[in-house]
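Just so it is clear: chains get the letters A, B, ... in the order the sequence lines come, proteins before strands, and each one is counted from 1. As the structure is a prediction and not an experimental result, all values here were calculated from the model.
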Amino acid sequence: MPELPEVETTVRRLRQPLIGRTFTGTSVMWPPMVRPPGVELNDRLPGQRIQSIRRRAKYLVFELSGGDRLIIHLKMSGDLRVCEAADALDRHDRIVFELDDGNQLRFNDTRKFGRVYLLAEPGAVLGRLGPEPLSGWFGEADFLALFERRSGRIKPLLMDQTFIAGIGNIYADESLFEAGIHPLRAADTLSETEKRRLYHAIRQVLSLAIRHQGSTLRDATYREGRYQDRFCVYGQHGRPCARCGSMIERVRVGQRYAHFCPACQQ
DNA sequence: CTAAAATCCTGGTGGC
DNA sequence: TGCCACCAGGATTTTA
């Protein structure tokens, strides 16, 4: 479920039940999800209180009273749920965090790609990330500056987390449509006007998606989001473009598909 | 340098 | 109904 809007929605949903709670124990059903390998959550987590929860790129960052940070990446299929201890475990619950109010935070992840880090110094995980696209400090000029010495196609560049943080397959496609830019364009051929359009498209698409609590796909576990009803191109191949009526196309870029309108996007 | 493929995993879907 | 290939919101590492 996770690109920036879905992770932001998850953070906002977790704050009320979790801030102020203290971890009392953990059960790890799939140890490879805890990084680096061999870190015993039970050695350091119990007794630490959750002081704040924030999002950085697609990571959730829990600031803890003992000076550590619990950092979680949901990857493709992860979900975080607050449950009562008596609730039956789901077969895809991989890590259970026990809380001092008797509830549990459960990391459910069908595909086991998700990752949990417990670190005093988060730089190793968060250090190389690009700017937050919705930050008040991130202006047009900052976005233009990112393009210096960057080549390659614009769509993979938008999904490069060291270029800009939080954009994945859906919101890269939707932002490029909104900006009228073809996903296979070389980044160093974009005019300044096109880059400015892209800057505003990214911010508009991401903030509207957050307002709709992200997108819900086939995945039955994450149902809050409604932004999928507003997709202009993602998953719309073979259907007419709502703006011009041309057929939406789909093309492979690396291992992923890019969806675009061949008339609206040049 | 870019870019594509392989990798980590499970489950749903569509074709035959 | 079964089997199989392919697909999926990510990101790193390897290979070309």
Visitor: Figure out the CZ/P separation between Arg150(A) and dT2(B), and round it to whole Å.
Guide: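 Taking CZ of Arg150(A) and P of dT2(B), I get 7 Å after rounding.
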
Visitor: With a 3.5 Å cut-off and heavy atoms only, can you find an N or O donor on one side and an acceptor on the other between the side chain of Arg153(A) and the base of dA3(B)?
Guide: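 Absent.
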
Visitor: What distance, rounded to whole Å, do you find between the two P atoms, one in dA6(B) and one in dA5(C)?
Guide: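 Pairwise P distance, dA6(B) against dA5(C), rounds to 15 Å.
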
Visitor: Main chain of Gly235(A), side chain of Arg250(A): is a donor-acceptor contact present, judged purely on distance under 3.5 Å?
Guide: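 No, because the side chain of Arg250(A) does not come within donor-acceptor range (under 3.5 Å) of the backbone of Gly235(A).
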
Visitor: Looking across every strand, which nucleic acid part, if any, lies under 4.0 Å from Tyr171(A) by heavy atom: base, sugar-phosphate, or nothing?
Guide: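 No contact at all - Tyr171(A) keeps every heavy atom at 4.0 Å or more from the nucleic acid.
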
Visitor: dA3(B) P sits how many Å from Leu157(A) CG, rounded?
Guide: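 Distance check: Leu157(A) CG to dA3(B) P gives 10 Å.
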
Visitor: For dG11(B) and Arg91(A) - does any side-chain N or O of the residue sit under 4.0 Å from the phosphate oxygens OP1/OP2?
Guide: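 Checking Arg91(A) against dG11(B): at least one side-chain N or O falls below 4.0 Å of OP1 or OP2.
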
Visitor: Give the rounded distance in Å between these two atoms: CG of Leu126(A) and C1' of dA11(C).
Guide: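 Result: 14 Å.
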
Visitor: Does His92(A) place a side-chain N or O at less than 4.0 Å from the phosphate oxygens OP1/OP2 of dG11(B)?
Guide: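 Checking His92(A) against dG11(B): at least one side-chain N or O falls below 4.0 Å of OP1 or OP2.
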
Visitor: Can you measure Leu184(A) atom CG to dA3(B) atom C1' for me and round it to whole angstrom units?
Guide: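 Answer to the nearest Å: 13 Å.
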
Visitor: Which value, in whole Å, describes the distance between the P atoms of nucleotides dA8(C) and dA4(B)?
Guide: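 Looking at atom P only, dA8(C) and dA4(B) are 16 Å apart.
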
Visitor: When you compare dG9(C) with dT2(B), how far apart are their C1' atoms, in angstrom units rounded to a whole number?
Guide: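 Straight-line distance between the two C1' atoms is 25 Å.
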
Visitor: Contact class for Arg35(A) (heavy atom, under 4.0 Å): base, sugar-phosphate, or nothing?
Guide: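 Result for Arg35(A) = nothing.
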
Visitor: Can you tell me the Watson-Crick or wobble partner of dC9(B), both distances under 3.5 angstrom?
Guide: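 With both distances under 3.5 Å required, dC9(B) matches none.
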
Visitor: With a cut-off of less than 4.0 Å, is there a side-chain N or O of Arg256(A) near OP1 or OP2 of dG10(C)?
Guide: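 The answer is yes; a side-chain N or O of Arg256(A) sits under 4.0 Å from OP1 or OP2.
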
Visitor: Between Lys75(A) and dA11(C), is there a side-chain N or O to OP1/OP2 distance below 4.0 Å?
Guide: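 So the side chain of Lys75(A) is outside the cut-off, no N or O lying under 4.0 Å from OP1 or OP2 of dA11(C).
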
Visitor: Send over the distance from Arg111(A) CZ to dG12(B) P, rounded to a whole Å.
Guide: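 Between P of dG12(B) and CZ of Arg111(A): 12 Å.
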
Visitor: Please report, rounded to the nearest Å, how far the C1' atom of dT2(B) is from the CE atom of Met159(A).
Guide: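 The answer, rounded to whole Å, is 16 Å.
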
Visitor: Could you grab the distance from atom CD1 of Ile164(A) to atom CD1 of Ile202(A), nearest 0.5 Å is fine?
Guide: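 Interatomic distance, Ile164(A) CD1 to Ile202(A) CD1, rounded to 0.5 Å: 4.5 Å.
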
Visitor: Could you give the distance separating dC3(C) and dC9(B) at their P atoms, to the nearest angstrom?
Guide: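 So the two P atoms sit 25 Å from each other.
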
Visitor: Under 4.0 Å from OP1 or OP2 of dA11(C): is there any side-chain N or O of His73(A) that close?
Guide: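 For dA11(C), OP1 or OP2 has a side-chain N or O of His73(A) closer than 4.0 Å.
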
Visitor: Using atom CD of Gln255(A) as one end and atom P of dA6(B) as the other, report the distance to the nearest whole Å.
Guide: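 Computing the Gln255(A):CD to dA6(B):P distance gives 7 Å.
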
Visitor: Are there more than 12 heavy atoms of other residues, nucleotides or ligands under 6.0 Å from atom CZ of Arg128(A)?
Guide: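 No, the 6.0 Å shell around CZ holds no more than 12 heavy atoms from other groups.
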
Visitor: In whole angstroms, how far is the C1' atom of dG9(C) from the CG atom of Asp173(A)?
Guide: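 Going from CG in Asp173(A) over to C1' in dG9(C) covers 11 Å.
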
Visitor: Quick one: look up who dA4(B) pairs with, Watson-Crick or G-U, both distances under 3.5 Å, and put none if it's unpaired.
Guide: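 dA4(B) is paired with dT14(C).
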
Visitor: Strictly by modelled atom types, are Glu140(A) and His200(A) linked by a side-chain donor-acceptor pair under 3.5 Å?
Guide: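 On atom types as modelled, these side chains qualify, holding a pair under 3.5 Å.
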
Visitor: To the nearest 0.5 angstrom, please state how far the OG atom of Ser215(A) sits from the CZ atom of Arg230(A).
Guide: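 Going from the OG atom of Ser215(A) to the CZ atom of Arg230(A) covers 11.0 Å.
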
Visitor: For Phe113(A) and dC8(B), is the gap between ring centres under 5.5 Å while the planes differ by less than 30°?
Guide: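 Yes, Phe113(A) stacks on the base of dC8(B).
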
Visitor: Has Lys112(A) got a side-chain N or O lying under 4.0 Å from the OP1 or OP2 atom of dC8(B)?
Guide: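 So the side chain of Lys112(A) is outside the cut-off, no N or O lying under 4.0 Å from OP1 or OP2 of dC8(B).
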
Visitor: Check whether the side chains of Tyr227(A) and Glu6(A) place a donor and an acceptor atom closer than 3.5 Å, and report yes or no.
Guide: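 No - no donor-acceptor pair under 3.5 Å links their side chains.
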
Visitor: Below the 4.0 Å mark, does dT2(B) have OP1 or OP2 next to a side-chain nitrogen or oxygen of Ser151(A)?
Guide: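 Answer is yes, contact under 4.0 Å.
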
